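Working notes for the structure below.
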Amino acid sequence: KNCCELQKSTMGIKGLQGFVARVCPDACRMVDLKEMAEKHRIDHPDVMPVIVVDAMSCVRRWYTPESWVCGGQWREYLTVLEDFIETFKAAGIELVFYFDGVVEEKKRDEWIKRRQQNNKEIANLFQFIKTYRKQPGREMFVLPSALPTFTRFALKSLGQKTVCTLQEADFEVAAYALQHNCMGILGQDSDYLIYNTSPYFSIEKLCLDRLVTVMYSREDLCRALGLSVKHLPLFACLLGNDVVPENLLECFWHKCLVTCPSRNKSYNRRTSIILAVANYISKIPCSYSSLKHLEEMLPLGSDKTLLHRGMESYLLPGQQSPWIPLDARNFKMFSGQEETAMCRDKEIFQVLWLLKLNGHFIVVTAYFVFSCSCRPLNFSHPQHSIMQYIVFSSMSPIVCCSPQIPSVFLFSSVSSIAICHLDLSTCICHTHPILFLDGACPLVKEWFVYCGNPLQQPDLIQPVQPSIPGGTPNLKTLWFAKGPDVEKQRYSTFLACFHLQDAMEELQALEAPVAAFCCLLTYLMLQVSSLSLEDLNAFVALILCLKGKSAAELASLQPEIVDSRAVHLGAVLVRGLTTLLMANSACGFPFSMDDLMPWKVFDGKLFQEKYQKSHQSSSVEELLEGNVSNYILLESFVEILRLCRKLSICLSFCFQYSENNMRKYKNVCQFQKMKITIAVY
């Protein structure tokens, strides 16, 4: 199977959606969403038709730009999302987008398995690029680095409601749809056939221009299988899902196949298993004793509660099951008082709770998920919208990173770039102490995917205090205090995370997106010794030339080849932007989040073009497209680099200009030949 099929098969119950299409055609029929919206308005005149979108299962469909391997065509992607939203808006349909917030502990093994599969796909991808020097076909498609993260921000910038969950999104999506009587759920996860909630629409089958798609009917599925909706959670668990591993069910499947052999010889084994398991379930009483009997019969090893937990994971708030009586349920509702008790600082908790109630959130951060239970947060405020949230607990924080293509944390071996997770973790370690309220800095458990990490256990990272005169600022000051002095403190604290506090004045003189980009680029240049002058020129030319280009202009670029090292560098840069987001959040937003978005500072094809020209010794004039204002900004970049002197090795950068070029620009920029010595860490 190609990687797209592999991706789909891991979502929900393996093979179930294909089974429905082949064997139960009545359970998947084409519907017109505009007609359904009109019917919903008639049936529910007081509410607008709402579709809940499982965003994580949609991003592959949303990313339609032709180029995907070079790091992302972010401005093109933004226009795609805008068109998607406007189409539904024109039909009078409101969208609510849900994103996975964390990897639940019970699904950690499945998460690791998927990451290892991603590793293989990306290794094959790089081998193709190195061999053929071009982008492969869509059958090898892998998401550009950090695409889900920045999709969330893009949707917010387009005025959409987004929700980030404290458990996997499918449960929260199903619960929201049920609670708010939504028109349906849009996604690509067969678990939505199992939850007893609103209708499930396929994103894969969606024809956007006509707003028609396939609707999967759990009621029709049940009729075809001889089951009822109350059987579906057990049915899902006995087929294997994220909670109950398939390898524990092989013997059970064999017994079912012996008892109920397939009548149709053309069916594959998976189809036969699905029918045989359904037949078995239809013959047993719906009772707790039947569930206990199954738990004893199945080889569940030391954890006999797997089946129980798997079934309970499909029960939405307010729902009951004949298989699990109320006194056997494991759920626990958390009150505000219990959440406050878990928080180390009640004042911050009270402020956050108030902001939460008003739809405004100051939350942290890109990777931090502090282990405690809390209601899911709805990120709707444009300034305080953050990728995830920090919840205060006495337990050790857990950091997870699931990189897409080709991550800075994955393949340091694909080129001469000696870059791995540790190159950005220095900054992350400096950010950690800002987040702890009482001065304590416990070890942080990190589940990062990087070259050589078997993901058998988390890395334990000791937070490092950033070098700030007077010590690390108080979190309450950074987040909640007001005034020019506090704004300056936020900015300087942010720069300290990147060792750039000495360049504060020069950075503040730049436009915010350029200043943020300069922070990241300078940090990478100082940390990674194998980055060259040609790499620096390519990055600088990228940010300086991107500003005036439209999505259409960027789409028309056609690099002669695809360079694998440039692909890697582009992914490093985009992944680095997520580190900027994390530091910015922790420091109280010295930058607007919008200024840190990739569509402001990066384009994959443009970077390939600048990289190749730079490594072919093109002139600075050609790299900067002859734009006078770009030369002025280049001088600012150079000055900032010059200020970073805390180094043990020296690098000499010499920018050469032809006599014609110097005469052409000397009255504007007063450029001379520059020889700049930079002390590199």
Side-chain angles (χ1 to χ4, degrees), residues 12-14 16-17 19-20 24 26-27 104 106-107 167-168 170-182 185 189-200 216-246 248-249 251-253 255-256 259-260 273-300 303-333:
I13 298 91
K14 180 181 176 182
L16 180 58
Q17 215 150 270
F19 168 86
V20 173
C24 312
D26 290 343
E104 294 181 82
K106 65 184 179 182
K107 297 188 177 183
Q167 47 193 316
E168 287 207 17
D170 53 4
F171 178 89
E172 297 292 346
V173 166
Y176 184 94
L178 179 67
Q179 179 185 354
H180 296 276
N181 200 15
C182 292
I185 294 168
D189 188 333
S190 55
D191 274 334
Y192 294 127
L193 271 168
I194 307 302
Y195 290 109
N196 189 6
T197 183
S198 300
Y200 161 37
Y216 294 93
S217 167
R218 60 187 65 86
E219 291 78 14
D220 288 331
L221 172 63
C222 287
R223 274 191 288 273
L225 295 174
L227 301 176
S228 65
V229 172
K230 65 186 177 185
H231 289 115
L232 290 178
L234 179 60
F235 176 65
C237 291
L238 292 181
L239 289 176
N241 56 16
D242 287 346
V243 179
V244 184
E246 290 183 16
L248 299 181
L249 299 167
C251 291
F252 171 73
W253 291 344
K255 291 178 182 177
C256 290
T259 306
C260 181
I273 288 172
I274 291 172
L275 291 169
V277 169
N279 178 72
Y280 174 87
I281 293 172
S282 68
K283 293 180 170 21
I284 63 175
C286 291
S287 66
Y288 186 48
S289 59
S290 296
L291 181 64
K292 299 300 289 183
H293 174 72
L294 272 169
E295 287 179 337
E296 293 300 323
M297 183 181 71
L298 294 172
L300 300 178
D303 190 355
K304 292 293 184 182
T305 67
L306 271 180
L307 192 59
H308 184 126
R309 287 192 287 111
M311 289 188 63
E312 196 168 3
S313 70
Y314 291 108
L315 293 180
L316 303 177
Q319 292 183 341
Q320 298 181 20
S321 168
W323 304 94
I324 306 174
L326 285 175
D327 59 1
R329 298 279 292 273
N330 292 321
F331 67 86
K332 180 181 179 183
M333 300 301 293

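All of these numbers come straight from a predicted model, not from anything done at the bench.
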With a 3.5 Å distance limit and no angle check, can you tell me whether Ser190 reaches the backbone of Ile13 through a side-chain donor-acceptor pair? yes

Any sub-3.5 Å donor-acceptor pair from Trp253's side-chain atoms to Leu239's backbone N or O? no

Tell me, do Met311 and Leu315 make a side-chain contact under 4.5 Å, heavy atoms counted? no

Donor-acceptor check, side chain of Tyr200 to backbone of Asp189, threshold 3.5 angstrom: yes or no? yes

Is it true that the side chains of His293 and Ser290 contain a donor and an acceptor less than 3.5 Å apart? no

Pair Tyr314-Asp191, side-chain donor/acceptor within less than 3.5 Å: yes

Would you confirm whether Glu295, through its side chain, and His308, through its main-chain N or O, come within 3.5 Å as a donor-acceptor pair? yes

With a 4.5 Å cut-off on side-chain heavy atoms, are Val20 and Asp220 touching? no

Are Leu193 and Leu232 side-chain neighbours, meaning at least one heavy-atom pair lies under 4.5 Å? no

Please find the pair of heavy atoms, one from Leu306 and one from Val243, that lie closest to each other, and give the distance. CD2-O, 3.4 Å

Do Ile194 and Leu16 come within less than 4.5 Å of each other through their side chains, counting heavy atoms only? yes

For Phe235 and His231, run ring-ring contact (aromatic ring centres under 6.0 Å, His included): C-alpha distance rounded to whole Å, both residues' side-chain angles, the deciding distance at 0.1 Å, then the answer. CA-CA 6 Å; Phe235 176 65; His231 289 115; 9.5 Å; no

With a 4.5 Å cut-off on side-chain heavy atoms, are Cys182 and Tyr176 touching? yes

Mind listing the closest non-hydrogen atom pair of Lys304 and Glu296 along with its distance? NZ-O, 4.2 Å

Between Trp323 and Lys230 (side chain of the first, backbone of the second, donor and acceptor by atom type, cut-off under 3.5 Å), is there such a pair? yes

Would you name the heavy atoms of Leu249 and Gly240 that are closest together and state the gap between them? CD1-N, 3.4 Å

Which atom names give the shortest non-hydrogen contact between Ala174 and Leu316, and what distance separates them? O-CD1, 3.6 Å

Side-chain donor or acceptor of Ser282 paired with backbone N/O of Gly226 under 3.5 Å: no

Between Tyr195 and Asp170, is there a side-chain heavy-atom distance shorter than 4.5 Å? yes

Sidechain-backbone polar pair: Thr197 side chain, Ala177 backbone, donor-acceptor under 3.5 Å: no

Would you say the side chain of Leu225 lies within less than 4.5 Å of the side chain of Ile281, judging by non-hydrogen atoms? no

Atom of Gln319, atom of Asn196 and distance for their closest heavy-atom approach: NE2-O, 2.8 Å

Heavy-atom pair of closest approach, residues Cys237 and Gly310: SG-C, 3.3 Å

With the threshold set at 4.0 Å, does a side-chain nitrogen-carboxylate oxygen contact exist between Asp303 and Arg309? yes

Would you mind reporting whether Cys24 and Tyr216 have side-chain heavy atoms less than 4.5 Å apart? no

